[in-house]
Structures are given as structure tokens and as C-alpha cells.
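Notes follow once the structure below has been shown.
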Amino acid sequence: MEMTDIKSMDMEHLRLFVESLGEKKFRAKQLYSWMHQKLVKDFEEMTDLSKTFRERLKKECVLGSVSIRREQISKKDGTRKYLMELRDGNMVETVLMKYHHGNSVCVSSQVGCRMGCRFCASTVGGLTRSLETSEILDQIYEIQRHTGERVSNVIIMGIGEPLDNYENVVRFIRMLSDENGLHISQRNITLSTCGLVPRIYDLMEEDLTITLAISLHAPNDGIRRQMMPVADSFSMREIIDACKKYIQKTGRRVTFEYTLVQGTNDSRENAGELSGLLRGMLCHVNLIPLNAVEGRMGQRSVPQNIREFQEVLEREHINVTIRREMGSDIDAACGQLRNKNRK
Ligand code: SAH
């Protein structure tokens, strides 16, 4: 018999499921709280449910979907990187970053990725499969259990393209922010995408207050196509238009990520062109110094170019920051730990 993935069910779905097992509807709330607030990993611990109900759940459902296989702690800044094993033996990475304003977790949304960005480590080997909602939630639950500390911010920026796993990711966001779960404010959740335009339009209809981050990485389509195959499918014009609509609809500021690759997209001219594109938009640019990946495209821009790039944007009154590097001593960058483990 196929085991039921009960942790991927939102409250409504769980109510129907509980009823289908002949239990009262209100049991769903108890069950939900055990899974998503108390974060227990065994049905036995759910002591306010009857023994027969627990037995039945144990026989038909699975609870824990990921387990920590390795933990690396950065000596520089305390960033922790986890290699997480899924029930089928696949691995993903999850990163915990400690900031003064709280603990931030970066989750993976797929095993591998099929977007093929040429500088990225996660895309080596292509896409194996998308993660279930429970597998995305459990990355956070495992870390919270492991550290005993509350997670306050979540970024969907690990391995995978979240909008290529749309339904599971949107349900993940709703369940993570549900008052019956960890109740993490949607304002503290960021979703990063390489720019799947039709899915961005879908997302703005979901009535969420998350931050949308777009991996732009280029000032024009020509350069973007050198870096990202997805640029063959969607133009920057289409992406920027979708973002403007997203801002209009949600009132939320959009973040543009821009990974600086030496000699490819990091000149003053490139910065000028980017400014022209973004002028007047409610947005923020996050410059990311490339983490050069062996066998992948590019070298990191030199610090002076990064600063100059920033200055050009600032002069045009565009909100810009350079991403602080976290955990650079523990392969915290983008799929590198998983790759090491695959070899
Ligand atoms: N697929 C999503 C989310 C995962 S990647 C997306 O494309 O946004 C998260 C961010 O890290 C993206 O902006 C991505 O382009 C960037 N990134 C990937 N590999 C990198 C590398 N080697 N160095 C710096 N940034 C990288």
C-alpha cells in the first residue's frame, strides 16, 4: 500500500482525510499542531489522539521526510549548512544564517534543477525530481528541532527553481505562515526565481505578501542568454513588465538579484544599462559576487568593479546592496555540498 504523505496536507485537506478515517473533524487541528507546531516525528507522541487512531496513522501515513546527514558550521560567521537526506535517498542542501534580526533558513525546492544557468552548481546533472511540500517544510522543522532556536525568515533560494514546482511551493508558503503552524509571516518569506513569466502572473493572483526576488543577472537579453538558457524563453522586457504588475498588485517591493561575473556583466556600461531598465521601479538590487564553481562559467568580479557597479546604480537612485558573504569557508554557495557528496 502507498503510504499517505500526511504532512503535505493543508488544514482543509487534513480535515477531509481525518473524516475519511471515521474520526471527528476537530482531530485534524490536534494532528496539525503535532506535525507543524510541536514538530514531533512519531505518531506515538501524539498523546491526545486515541491509541487506535495513532495505530491507524502509523500504518498508513509517513511523518518525517528528511533527515540531517551532515552539518558544517562556518568558523567565520556561524552559518550552518546541512546536507539533508530524503526518504528515497536523494540529497538536498539547507542553510541556516544567523543575523541580528533572527535566524534565516534557505530551503531547496527540487532535487537538482533543469534551468541550466551556466554559473550555477545546482544544475549539474539536471533535475531529478521536485520536492513534496512536506519535504520543504521538514528542512525548516529539522533545523528548528536540531538547534532549538526559532526560525524567523525563510528564503526559497536553495537548490531548484521554485516556480518549476509551483503548487507544492505555494502550499508550502501557506502552511508555513498558517497560524496553526510555525506562523512565519509571509513578509519574512522570499521566493527567488530565474523568471518563469507565466508563473509570476499566477503568483500575483495568490494573494500572498511574500517578497519576490528575480535572478536577473544581466542588463540586456544578449548577455542574459550567455548566462541563462531560460533567457531564450522569456525576454527581460516580459520579466520587467510582469514585475511591474506584481508590484502594482501586491504593493511589495521586488528584489533583483545580479550575480557579478568578471568581464561578462560587470562593467560600468552594464550598470548604466541596468539603471535605465529599473529606474522608477519599487525595487532593490542585490549584487552577488559570483561563487566560482569548478567546471562552470566565470570568475568573480574584482572588488573594485563591484564597488563601481554599485556606485553607478546609487547615482541613479536605485536601491542597491552587495550581498554579504556567509559561510564561504563551508561551500555554502549554491549546491556545492550536494555535488561533493554525489561524487
Ligand atoms: N532557481 C532560483 C533559486 C535558486 S538560485 C533562481 O534562479 O532564483 C539562488 C540565487 O543564487 C540565484 O540568484 C542564482 O542565480 C544565484 N546563484 C547560483 N549559482 C551561483 C553562483 N555560483 N554564485 C553566485 N550566485 C549564484
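Numbering of ligands and ligand atoms starts at 1, following listing order.
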Practice problem: Report yes or no: does a heavy atom of Gly158 sit under 4.0 Å from some atom of ligand 1? | Solution: yes

Self-check item: Test item, Gly160 contacting ligand 1 (heavy atom, 4.0 angstrom)
Solution: yes

Quiz prompt | Close side-chain approach of Leu260 and Asn305, heavy atoms under 4.5 Å | solution = no

Quiz prompt | Check: Phe119 N/O within less than 3.5 Å of ligand 1 N/O | solution = yes

Exercise. Evaluate the criterion ring-ring contact (aromatic ring centres under 6.0 Å, His included) for residue pair His217 and Phe256; output intermediate values, then yes/no.
Key: CA-CA 8 Å; His217 303 327; Phe256 291 106; over 10 Å; no

Quiz item: If Ile, Leu, Val, Met, Phe, Trp and Tyr residues are connected whenever their side-chain heavy atoms lie under 4.5 Å apart, and connections chain through other members, are Leu49 and Leu39 in the same group?
Solution: yes

Quiz item: Do Leu86 and Leu127 sit in the same hydrophobic cluster, where Ile, Leu, Val, Met, Phe, Trp and Tyr count as joined when their side-chain heavy atoms come under 4.5 Å apart?
Solution: no

Quiz prompt | Residue Cys194 vicinity, atoms of ligand 1 by number, heavy atom under 4.0 Å | solution = 6 (C), 7 (O), 8 (O)

Quiz item: Does a donor on one side chain sit under 3.5 Å from an acceptor on the other, for Glu161 and Thr193?
Solution: yes

Quiz item: Under 4.0 Å from any heavy atom of Ser215, which atoms of ligand 1 are there?
Solution: 6 (C), 7 (O), 8 (O), 12 (C), 13 (O), 15 (O)

Quiz item: What atoms of ligand 1 come closer than 4.0 angstrom to any heavy atom of Cys120?
Solution: 18 (C), 19 (N)

Quiz item: Any side-chain donor paired with an acceptor under 3.5 Å for Asn90 and Glu85?
Solution: no

Quiz item: Taking non-hydrogen atoms only, is Thr193 closer than 4.0 angstrom to ligand 1 via side chain, backbone, both or neither?
Solution: backbone

Practice problem: Please verify whether a non-hydrogen atom of Met157 lies at under 4.0 Å from ligand 1. | Solution: yes

Quiz prompt | Heavy-atom nearest neighbour of atom 14 (C) of ligand 1 within options His217, Glu257, Met228 | solution = His217

Exercise. Check Asn291 against ligand 1 and report side chain, backbone, both or neither, counting heavy atoms closer than 4.0 Å.
Key: both

Self-check item: Interfacing atoms of ligand 1 (cut-off 4.0 Å, heavy-atom, Val293)
Solution: 22 (N)

Self-check item: Flag for Glu238-Ser235: side-chain donor and acceptor within less than 3.5 Å
Solution: yes

Exercise. Identify whether Met46 and Val18 are in the same connected component of the hydrophobic contact network (ILVMFWY, side-chain heavy atoms under 4.5 Å).
Key: yes

